[in-house]
K.L.:
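Supplied in structure tokens, the structure appears directly below.
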Protein chains: 2
Amino acid sequence: MEQKIIDLLKRSGLSITDSRKKILDSFFQKNSALAHADIEDYVGTDFDRVTIYRTLQTFVDKGIIHTIPTPDNAVVYALCKDSCSAGHHHDNHVHFICDNCNKTFCLEHIVVPAVKMPTGFNATQIDMVVSGVCNFCNNVS
Amino acid sequence: MEQKIIDLLKRSGLSITDSRKKILDSFFQKNSALAHADIEDYVGTDFDRVTIYRTLQTFVDKGIIHTIPTPDNAVVYALCKDSCSAGHHHDNHVHFICDNCNKTFCLEHIVVPAVKMPTGFNATQIDMVVSGVCNFCNNVS
DNA sequence: AACATTTTGCAACATAGTTGCAATAGTGTA
DNA sequence: TACACTATTGCAACTATGTTGCAAAATGTT
């Protein structure tokens, strides 16, 4: 796991630092998307708030994580699959937010369907966010 | 116009106040969605920041406006069509954000397409936000 | 080990949004 | 129209979120 994280950082051309390792680790530990506050909770007081902001920004720039827009306008981050590289970002899957446990999931294999735009409108990016109850919460009940 | 706004407020069971009239007016004047800051600019110093927050919240509760999630996570509001009523909200159209002029539009007649959810996931709401260049910016170039 | 380059932490700041409470304005009734 | 009741507003203070500059510390390279 440790090695997997170090490899990913190296592959992205980033130097190996404690905060980057720990923050990446938090994404591998949980398998849902994380808000800034979640990460702050996870790493505790080990690192400064500012460092977390900057690290997340770096990860987004390098294509390691991507942001997910949510209806309640909280910033949420999730790991990108290997096909994502710096700048060129293949994030065309549907995202799911559970109203019950409040977690955000990437539905990796559900592709955002095409929509026909009105004349004059050119689409470059499409975000689709579905809310409801996730499989974990459904199984519990 | 004045009368139209007063009728809308009455129909929603709200008392007629200067701030509500002015804020509703800003939505009728511009025909794109508005961020809190846009409204603050429009109404100037006539009303307190807090009043604008509370008024927008009231309008959302009553189904007069709806919020739109944006990829850069700014809160944006737009007028609901008449079919929207308090609590019961028919907001199943696609939203469009222009990367050039930065305005947000409701594509009222473009319905969000259906997507098949993985087993265990139940969808109650689907948001679809398209980014690109709007028809106004395309015509200009 | 020594150096140049990144990264981090701190402090200070900027913006966004919330809450309690007293003052004010709107509404229905006489 | 005047009154009383209720709803709304403004103020102040606060919390949360995010940003910037700069010096100190850690990283990578030789």
K.L.:
Measure OH/Tyr53(B) against P/dT8(D) and give the value in whole Å, please.
P.N.:
20 Å
K.L.:
Determine whether any donor atom in the side chain of Arg49(B) lies under 3.5 Å from an acceptor atom in the base of dG10(D), or the reverse, and answer yes or no.
P.N.:
no
K.L.:
Measure from CD1 on Ile52(A) to P on dG18(D) and round the result to the nearest Å.
P.N.:
12 Å
K.L.:
Between Leu14(B) and His36(B), which residue's closest nucleotide on DNA chain C lies nearer the 5′ terminus?
P.N.:
His36(B)
K.L.:
Could you tell me how far apart Lys22(B) (NZ) and dT9(D) (P) are, to the nearest whole angstrom?
P.N.:
15 Å
K.L.:
Of all the heavy-atom pairs spanning Cys98(A) and Phe105(A), show the shortest one and how long it is.
P.N.:
CB-CE1, 4.4 Å
K.L.:
Nearest whole angstrom, please: distance from the P of dT24(C) to the CZ of Phe47(B).
P.N.:
17 Å
K.L.:
Could you check how far CG of Asp41(B) sits from C1' of dT15(C), rounded to whole Å?
P.N.:
14 Å
K.L.:
What is the distance, rounded to the nearest whole Å, between atom NZ of Lys21(A) and atom C1' of dT8(C)?
P.N.:
15 Å
K.L.:
Check the surroundings of atom NZ in Lys30(A): do more than 12 heavy atoms from other residues, nucleotides or ligands lie under 6.0 Å from it?
P.N.:
no
K.L.:
Does Ser19(A) make a side-chain N or O approach to OP1 or OP2 of dT8(C) shorter than 4.0 Å?
P.N.:
yes
K.L.:
Base, sugar-phosphate, or nothing: which does Arg54(B) touch, judged by heavy atoms less than 4.0 Å apart?
P.N.:
base
K.L.:
Report yes if a side-chain nitrogen or oxygen of Ser15(A) is closer than 4.0 Å to either non-bridging phosphate oxygen (OP1 or OP2) of dT7(C); otherwise report no.
P.N.:
yes
K.L.:
Say whether, by atom type as modelled, one donor and one acceptor occur between the side chain of Thr51(A) and the main chain of Phe47(A) under 3.5 angstrom.
P.N.:
no
K.L.:
More 5' along DNA chain C: Val50(A) or Arg20(A), using each one's nearest nucleotide?
P.N.:
Arg20(A)
K.L.:
Hey, is the side chain of Thr51(A) poking within less than 4.0 Å of OP1 or OP2 on dG9(C), counting only N and O atoms?
P.N.:
yes
K.L.:
Looking at Ala35(B), is its backbone amide N or carbonyl O close enough to the side chain of Asp38(B) to form a donor-acceptor pair, meaning the two atoms are under 3.5 Å apart?
P.N.:
yes
K.L.:
Does Thr124(B) reach the main-chain N or O of Ser131(A) with its side chain, forming a donor-acceptor pair under 3.5 Å?
P.N.:
yes
K.L.:
In whole Å, what is the span from the CD atom of Gln57(B) to the P atom of dT8(D)?
P.N.:
13 Å
K.L.:
Over all strands shown, is Thr58(A) touching base, sugar-phosphate only, or nothing at heavy-atom distances under 4.0 angstrom?
P.N.:
nothing
K.L.:
How many whole angstroms separate atom CG of Asp46(A) from atom P of dA25(D)?
P.N.:
18 Å
